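Presented below is the structure to which this report refers.
Quantities reported herein were computed from a predicted structural model and do not represent experimental measurements.
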Amino acid sequence: MKPENYHQNTSYKLITLQGVTRVYGQGRVAMYALRGIDLSVDPGEFVAVMGSSGSGKSTCMNILGCLDTPTDGKYLFEGVDVGRLSRDQRALLRRHYLGFVFQGFNLLNRTSALENVELPLIYRGVPVVERRIRAKEALASVGLEGWETHTPGELSGGQQQRVAIARAIVTHPRVLLADEPTGNLDSARSREIMELLTAFNRELNITVIMVTHEAEMAAYADRRVHFLDGVIDNGHDSERKNK
Amino acid sequence: MIRETFLLAEREIRRNVLRSSLTILGIVIGVAAVITMVTLGGGATAQVASDISSLGSNMLQVRPGQGFHGPGGTRSAAPRLKIEDAEAIASDVSGLAAVAPMASGSAQAIYGNANWSTSVIGSTDKFLQVRNWSLAEGRGFNEGEMRAGKNVCVLGSTVRKELFGGQEPVGASVRLQKLSFQVIGVLDSKGQSGFGTDQDDFILVPLRTFQRRIAGNNYVRTIYVSAKDGVSTEKVKSDIERLMRERRRITHGEEDDFNVRDMKEIMVALTSSTRVLTALLAAVAGVSLLVGGIGIMNIMLVSVTERTREIGTRLAIGALEKEVLLQFLVEAVVLSCFGGIIGIILGLGAAAAGANALQVPFLFNAKIVVIAFLFSAAVGVIFGYFPARKAARLDPIEALRHE
Ligand SMILES: Nc1ncnc2c1ncn2[C@@H]1O[C@H](COP(=O)(O)OP(=O)(O)O)[C@@H](O)[C@H]1O
Ligand SMILES: [Mg+2]
């Protein structure tokens with residue numbers, strides 16, 4: 001259990017973005033998706049990222065997930081400048097520290113739910129028996145017990161969403177990045193998922209950064225960050241929720 | 001990690017059954033076709049070569065020309081050869097082991113109820129020596145039988161089998177053209193020639209007997225000459241040509257109306273046809289290999305979009321570029337080797353069956369097995385691996401966005 005004043009006492013930041021910009025295209029067609037983002041996240045924090053469509057939330061999440069690199073600015077992960085890491089070092093960072101729930105799921109086709117969830121454990125070198133057990137547990141925790149052998153094509157959008165969440169949490173990552181994880185779920189399911197993420201955050205001390213449109217889901221977070229046209233809107237309430 | 005990579009590759013193969021089997025099929029077809037064609041071609045060539053060497057390597061043939069310019073410039077048949085020509089060659093040309101004039105025709109041979117249509121060769125006892133025949137039973141013709149033109153014969157093994165079955169032929173009489181011939185010998189079998197003709201299907205009778213009783217003329221079709229060991233066939237050839245020009249009164253500057261061919265030339269004539277055959281087979285095999293290769297390429301390229309996204313997903317989850325590549329390489333190698341092995345088995349099986357059907361020897365050609373296998377494996381690996389390599393070099397997010 002983490003102490004009440006854990007955040008306040010932490011002297012270092014888990015994640016720091018300094019003036020991060022991301023420009024798509026060049027010259028006349030240049031599209032500024034992010035225009036100078038400053039953001040820091042403490043270890044164990046649960047942050048909700050909000051903002052209208054096209055405001056740069058996914059772009060920012062991809063950078064936080066080391067899937068994309070900023071055009072300009074700095075990304076520090078545990079004080080390490082990610083921009084200076086090699087491709088392979090970034091891959092290892094993703095493998096050992098990060099879990100990512102993609103907006104479009106990105107499950108492997110024609111591959112069972114169980115095998116999809118096992119995949120990150122394979123790259124972590126978890127032995128096969130343990131891998132099976134953990135993948136089954138993760139699927140059960142998102143309410144997909146009995147769906148292990150189904151392939152994405154045989155699952156509904158909401159079920160695929162939950163397989164994607166199971167795959168992201170099965171490794172118990174240091175940071176869980178979730179891009180609209182409840183986007184395809186009804187409100188009852190959404191609440192279940194939020195309870196799950198909250199439990200992960202509280203009990204396993206997993207830092208969660210989650211994009212959501214819905215205020216109800218954002219309310220589960222410790223803190224809300226609002227995006228507006230590629231910048232963080234500080235006029236909005238972005239204070240920490242009083243615990 | 002290697003074990004895991006094999007596991008991933010194996011899983012990938014199983015979950016894309018259609019793509020995997022099409023890839024394997026392409027390789028199977030390519031490898032099997034090449035092995036079958038080349039093995040059969042090699043067998044046929046070997047058969048022809050062995051036929052030729054069974055003729056005796058220092059043999060020459062003298063034959064009348066295909067035609068010559070007669071009076072008035074018309075093209076008419078060249079004068080026939082005669083027994084006397086053979087006798088002259090035997091007495092005047094030095095360094096000869098044997099000379100055998102030969103004429104042939106076909107006839108119905110009858111023994112008891114058995115009836116067999118075969119070819120009849122009229123020659124001397126030297127024929128056996130010149131053409132490398134050996135007697136299985138009995139004897140060849142003696143001087144008296146040849147000079148007097150007696151009704152005696154030596155049977156090829158096919159004729160013996162067809163007429164006598166299990167019975168003893170030597171001493172029995174067979175009927176040829178209403179005449180009775182006493183069987184004095186039976187030849188060993190040489191089997192089928194490279195062209196599929198049965199070399200054992202003939203009856204040998206003395207040349208004079210053949211001319212008088214069967215053909216009703218005194219023509220000689222071919223004179224077979226065999227040079228002594230160590231004697232140059234070139235020299236024998238030119239000696240015979242000089243003698244024949246003299247005998248046929250061909251003046252200086254006139255073309256020969258006969259030809260003398262040594263084994264080298266006969267070999268060229270015979271093998272040119274197998275060379276055409278082999279080239280044809282190789283072309284067919286090459287096309288199959290190409291089709292197989294294009295098939296593999298198509299399948300791999302079609303799946304590139306899907307694979308690129310898959311690679312993006314793996315990279316995003318934390319796979320290293322080299323791990324992804326190793327997986328794809330292993331997958332391609334496993335598929336190619338699997339297809340290659342099936343192709344080798346099928347190809348050798350088909351080649352063995354074909355060799356049996358065509359009556360040519362089955363010669364296992366390790367070189368072509370290796371070449372076909374390596375080629376197909378290379379095609380599989382190149383088209384399986386290189387698109388993957390391109391994708392694995394992308395940023396994960398780019399690979400995931402790939403449409
Ligand atoms: N690959 C891309 N190429 C060009 N423009 C892009 C690309 N991805 C996103 N954008 C643009 O960047 C802006 C931010 O997009 P995104 O981060 O997906 O927004 P959000 O997730 O908040 O809806 C949008 O205007 C979008 O059109
Ligand atoms: Mg988005």
key: Check: A:R95 and B:L320 side chains under 4.5 Å, non-hydrogen atoms   = yes
inquiry  = Which one wins on heavy-atom pair count under 4.5 Å against chain B: A:L119, A:L93, A:T69, A:L107?
reply    = A:L119
request  = Report yes if the side chains of A:T111 and B:E310 come closer than 4.5 Å at any heavy-atom pair, otherwise no.
outcome  = no
key: A:E145 CD: over 12 foreign heavy atoms closer than 6.0 Å   = no
remark   = Under 4.5 Å to a heavy atom of chain A? For B:R401 that would be side chain
Side chain proximity check, B:R314 to A:L108, heavy atoms < 4.5 angstrom = yes
message = Could you measure the distance from the CZ atom of A:R110 to the CG atom of B:L18? Nearest 0.5 Å is fine.
response = 9.0 Å
request  = Specify the closest pair of heavy atoms between A:A91 and B:A319, including all atoms of both residues, with the distance to one decimal.
outcome  = CB-O, 3.7 Å
key: Heavy-atom side-chain proximity of B:D395 to A:R87 below 4.5 angstrom   = yes
inquiry  = Out of A:N109, A:L98, A:V128, return the one with the most heavy atom pairs under 4.5 angstrom to chain B.
reply    = A:N109
key: Segment of B:L394 engaging chain A (4.5 angstrom heavy-atom cut-off)   = backbone
query = Does OH belonging to A:Y32 count more than 12 external heavy atoms closer than 6.0 Å?
reply = no
ask   = Is the number of heavy atoms from other residues, nucleotides or ligands under 6.0 Å of A:Q26 CD greater than 12?
value = no
inquiry  = For A:R167, which atoms come within 4.5 Å of any heavy atom of chain B: side chain, backbone, both, or neither?
reply    = side chain
request  = Could you tell me whether the side chain of A:R94 and the main chain of B:L315 form a donor-acceptor pair under 3.5 Å?
outcome  = yes
key: Nearest-0.5 Å distance, CG of residue A:N116 to CD1 of residue B:I317   = 7.5 Å
task = Hey, could you give me the OG1/CZ distance between B:T313 and A:F105, rounded to the nearest 0.5 Å?
result = 13.0 Å
key: Region of A:D88 that comes under 4.5 Å of a non-hydrogen atom in chain B   = both
